[in-house]
Amino acid sequence: MTDRTSIVDLRSDTVTQPTPAMREAMMAAPLGDDVFGTDPTVNALQEKIAALLGFEAALFVPTGTQSNLCAILSHCGRGDEYIVGQQAHCYRWEGGGAAVFGSVQPQPLDHAPDGTLPLAQIEAAIKPDDAHFARTKLLALENTLGGKLLPFDYVQAATDLAQRKGLQRHLDGARLFNAATAQAAQNKHSDIRAEARRIAQCFDSVSVCFSKGLGAPVGSALLGSREFIARAHRIRKMAGGGMRQAGLLAAAASHALDHHVDRLADDHALAQRLAQGLEGIEGLAVEAPQTNIVFVDLRGAAQARSSELLASLNRQGILATGLYRLRFVTHLDVDAAGVDRAVHAIRGFLNA
Ligand SMILES: *Cc1c(COP(=O)(O)O)cnc(C)c1O
């Protein structure tokens, strides 16, 4: 199983290799020094993504984690707080960076089963202006969250509420284009960019990853007003995220925006294929996927066997993760045959 091509890697959509065309675009990119602001490929990418999502400005950053950190620290100062979901990446999965580096207090809320943060809970969590309390400054949502599309009317209502209460609004849209793909399908059209813009326009700042389903090797963008991005730029520098000939990476991101947005529907179809293949297996509960992530829970006698199952899959060249629940993620380096191999191997394990 050392041959890469025989591996079905369903751990994450971050594992994709740059395609030959993407590598060519990277090699051909004109480069400068982005710390001086003179890398033409970085500048072009920032302009392209800002125009695409309807913002004044954008900042290319190495990771989604740094993008969220720059966003939270640009919206909030020491002693401020942000309202966020218990499962949100920028609360649970970023090492507490906003608190560590910014002295910004998170106010986590439980999610409803559809991934939303109930409006009444958001409202109740906003602190009065009183010396006892941190200053509530920001609402941070994530879309998709755990592969789920937040209902658009919810996104509008929650961001309207935040605005009425004087809060800033940040979207962790690491998988914004997956959300937009699912939303376009719901609305029975295929203009993914229009849906991405509709979602993004509900927020003051948005972070998007190029390194997930879009298939670039590295990079995210943070979007906002010119003034917000100027603050984020300073924080990116403090965080050590000012890169030099970064156009090499921006070229990959730009290629991904041009060529890998309209194919995300294929990943969603493969996730459906995987979920359908696992339907009806004794000991498995499969959550119907809305995008490219399939969560599976082991039940009954199989419940305690998740590490055994992952090890068995691993021996057969099928990689997945199971930190809380078993998770299978489709992306541009998996195909129907790979998904069918995974289904076959899981079925074999549970029927043995
Ligand atoms: C992956 C991810 C990020 C950031 O990831 P990096 O690995 O730091 O690029 C942020 N938010 C969400 C929702 C993600 O899935």
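Start at 1 with the first residue, then count along the sequence. Just so you know, ligand 1 is whichever comes first in the structure, and atom 1 is the first atom listed for that ligand. Quick caveat: nothing in here was measured; it's all calculated off a predicted structure. Just so you know, these numbers use all the heavy atoms, side chains as well, and skip hydrogens, waters and symmetry mates.
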J.: Taking 4.0 angstrom as the limit, do R263 and D267 come out as a salt bridge?
T.: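 A salt bridge is present here (some side-chain N lies under 4.0 Å from a carboxylate O).
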
J.: Looking at E142, which atoms of ligand 1 are within less than 4.0 Å of one of its heavy atoms?
T.: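 Near E142, meaning under 4.0 Å from one of its heavy atoms, ligand 1 has 13 (C).
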
J.: Go through the steps to decide whether S207 and S67 satisfy the test side chain to side chain donor-acceptor pair (under 3.5 Å), and finish with yes or no.
T.: CA-CA 6 Å; S207 173; S67 190; 2.8 Å; yes

J.: Could you give the distance from CG (L53) to CZ (R193), rounded to the nearest 0.5 Å?
T.: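 Taking CG in L53 and CZ in R193, the distance rounds to 10.5 Å.
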
J.: Of the listed options (V329, D172, N68, V61), which comes nearest to atom 11 (N) of ligand 1 when hydrogens are ignored and any heavy atom counts?
T.: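 Shortest heavy-atom distance from atom 11 (N) of ligand 1: D172.
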
J.: If I take atom CG from residue L326 and atom OG from residue S307, how far apart are they, to the nearest 0.5 angstrom?
T.: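 Reported to 0.5 Å precision, the distance equals 9.5 Å.
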
J.: For residues F177 and H260, establish whether the separation of their ring centroids is below 6.0 Å.
T.: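 Judged by ring-centre distance (under 6.0 Å), F177 and H260 do not meet the cut-off.
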
J.: Looking at T63, which atoms of ligand 1 are within less than 4.0 Å of one of its heavy atoms?
T.: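 Result: 8 (O), 9 (O).
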
J.: With atoms numbered from 1 as shown, which atoms in ligand 1 lie under 4.0 angstrom from a non-hydrogen atom of E94?
T.: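 Listed by number with element, the hits are 10 (C).
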
J.: For atom 9 (O) of ligand 1, find the nearest protein heavy atom and state the residue, atom name and distance (0.1 Å precision).
T.: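 Looking at atom 9 (O) of ligand 1, the protein heavy atom closest to it is G64 N, 2.8 Å.
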
J.: To which protein heavy atom is atom 2 (C) of ligand 1 closest, and what is the distance rounded to 0.1 Å?
T.: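 Atom 2 (C) of ligand 1 sits closest to the protein heavy atom K212 NZ, 2.2 Å.
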
J.: Is there a salt bridge (Lys or Arg N to Asp or Glu O under 4.0 Å) between E123 and K165 once you walk through the steps?
T.: CA-CA 8 Å; E123 193 156 0; K165 297 288 180 179; 3.2 Å; yes

J.: Number the atoms of ligand 1 from 1 as they appear, then name those within less than 4.0 Å of a heavy atom of R175, with their elements.
T.: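 Near R175, the atoms of ligand 1 are 15 (O).
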
J.: I need the minimum non-hydrogen distance between L119 and A157, along with the two atoms involved.
T.: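 In this case the closest contact between L119 and A157 is CD1-CB, 3.8 Å.
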
J.: Which protein non-hydrogen atom lies closest to atom 7 (O) of ligand 1, naming both residue and atom, and how far is it?
T.: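 The closest one turns out to be T65 OG1, 4.5 Å.
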
J.: Could you tell me, atom by atom, which parts of ligand 1 come under 4.0 Å of a heavy atom of A174?
T.: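 Those atoms are 2 (C), 11 (N), 12 (C), 13 (C), 14 (C), 15 (O).
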
